[in-house]
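Inspection log for the structure reproduced underneath, given as structure tokens.
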Amino acid sequence: MRFNIRNLFERLLRHHGPQSWWPADDPFEVMVGAVLVQRTNWHNAALGIAALKDRNLLRTTGLIEVGETALQACIKAAGFYRTKAARLKTLAQFVEGAGGIEGLRQHSTPALRQQLLALNGIGPETADVILLYAFARPVVVIDDYLRRLWRRVHGLDRTNDDELRAAVFAQLCKTDELNELHALVVANSKTVCRKVPVCGCCCLRETCQMAAQARCITRHGRKVWASLEN
DNA sequence: CACCAGGGTGGTT
DNA sequence: AACCACCATGGT
């Protein structure tokens, strides 16, 4: 049976259960969290969120008015604190200037995505996370885990991000499904699956025990995972 | 101790 | 277009 993203989604959901993402009280908090969690585990990002809340800085004007150094100290636990402090200020300025969350909500998904990508520190993944979890738009979030998963079940192929996005969206296009999918892919990346029978598509880590079920081969001088079909 | 964690940017080949 | 160094903390 050919690999099927919906089938994978159902397996992941059955194994890990609903993830209830995004852990935030409001859309702006999602945006801030999306920046703080860049190349950082959620625990440390959450320390930054909590510190911002303690100082009542988790709002646009708060982030705009606070001193750069004070902001850096506040989010230090999240790592990359100098970079992220600047990014949060950029983000807060943008949201404030756009009429707040309600103002942003008026834009179409492509228009909003374009504006987010124009900001320093917001790349494709962060923009899509914001669109999906802060604005509930049906967007496919593509991260390294999903790319790795795709490679594992398909072997080496030329699928780029746009093609991967289209392939996923063809089978999962509801906001609730895409919300759950990304959360499950991330949750799965942290778990070396030992319980699920050979599913061939539940595990992402190269160290996963289940990886033994896939054939590791070499193509074009690179180690890749052969297709698992059959 | 090394390695990882829910990326993005700017510069170089 | 593909690589690279860099940003930097806290947990295992």
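The sequence lines fix the lettering, A, B, ..., with proteins before strands; numbering per chain opens at 1.
Pairing analysis of DNA chain B (Watson-Crick: purine N1 to pyrimidine N3 plus N6-O4 or O6-N4; G-U wobble: N1-O2 and O6-N3; both under 3.5 Å) yields stems of 3 or more pairs at B:2-5 with C:9-12, B:7-13 with C:1-7.
For the P atoms, the distance from B:dC3 to C:dA5 is 15 Å, rounded to whole Å. Taking the C1' atom of each, B:dA5 and C:dC3 are spaced 22 Å apart, rounded to whole Å. If you take atom P in B:dG8 and the same atom in C:dG10, they sit 23 Å apart, rounded to whole Å.
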Review point. Would A:Glu96 and A:Thr61 satisfy side-chain hydrogen bond (donor to acceptor under 3.5 Å, both in side chains), going step by step from the backbone distance to the final call?
Key: CA-CA 7 Å; A:Glu96 182 66 18; A:Thr61 51; 5.8 Å; no
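Salt bridge status for A:Arg137 with A:Asp128: absent, with no side-chain N to carboxylate O gap under 4.0 Å. Looking at A:Glu68 and A:Arg82, no side-chain N of the basic residue comes within less than 4.0 Å of a carboxylate O on the acidic one, giving no salt bridge.
Within the 4.0 angstrom heavy-atom criterion, no nucleotide atom of any strand lies near A:Ile142. Looking at heavy-atom distances under 4.0 Å, A:Ile122 makes contact with sugar-phosphate atoms alone, never a base. At the heavy-atom level, A:Asn120 lies under 4.0 Å from the strands shown only through sugar-phosphate atoms.
Distance check: A:Asn120 CG to A:Thr83 OG1 gives 9.5 Å after rounding to the nearest 0.5 Å. The distance from the CG atom of A:Leu172 to the CZ atom of A:Arg6 is 5.0 Å, given to the nearest 0.5 Å. Note: A:Leu117 CG to A:Arg113 CZ = 5.0 Å, rounded to the nearest 0.5 Å.
For C:dA8, the OP1/OP2 oxygens have a side-chain nitrogen or oxygen of A:Thr83 closer than 4.0 Å. Put simply, A:Thr126 has a side-chain N or O that comes within less than 4.0 Å of OP1 or OP2 on B:dG8. The side chain of A:Arg82 places an N or O atom within less than 4.0 Å of a non-bridging phosphate oxygen (OP1 or OP2) of C:dA8.
Taking atom CD of A:Gln72 as the reference point, atom P of C:dT9 lies 11 Å away to the nearest angstrom. Note: CG (A:Leu91) to P (B:dG7) measures 17 Å, nearest angstrom. The CD atom of A:Gln38 sits 8 Å away from the P atom of B:dG7 (whole-angstrom rounding). The CG atom of A:Leu36 sits 19 Å away from the P atom of C:dC7 (whole-angstrom rounding). To the nearest angstrom, P of C:dA1 lies 13 Å from CG of A:Asp161. Per the geometry, CD1 belonging to A:Ile75 stands 12 Å off P belonging to C:dT9, to the nearest Å. Distance CZ (A:Arg39) to P (C:dC4): 15 Å, rounded to an integer number of Å. The nearest whole Å value for the distance from the CG atom in A:Leu116 to the P atom in B:dT9 is 12 Å.
Each of A:Asn44 and A:Arg87 has a nearest nucleotide on DNA chain C; the 5'-most of these lies closest to A:Arg87.
Closest heavy-atom contact between A:Thr40 and A:Ala78: OG1-O, 3.0 Å.
Between B:dA5, B:dG8, C:dT9, one nucleotide has an atom nearer to the side chain of A:Tyr81 than all others, and that is C:dT9. Residue A:Phe80 places its side chain closer to C:dA8 than to any other of C:dG11, B:dG7, C:dA8. Set against B:dA5, C:dG11, B:dG7, the side chain of A:Tyr145 has B:dA5 as its closest nucleotide.
No donor-acceptor distance shorter than 3.5 angstrom exists from the side chain of A:Glu125 to the backbone of A:Gly123, with no hydrogens or angles considered.
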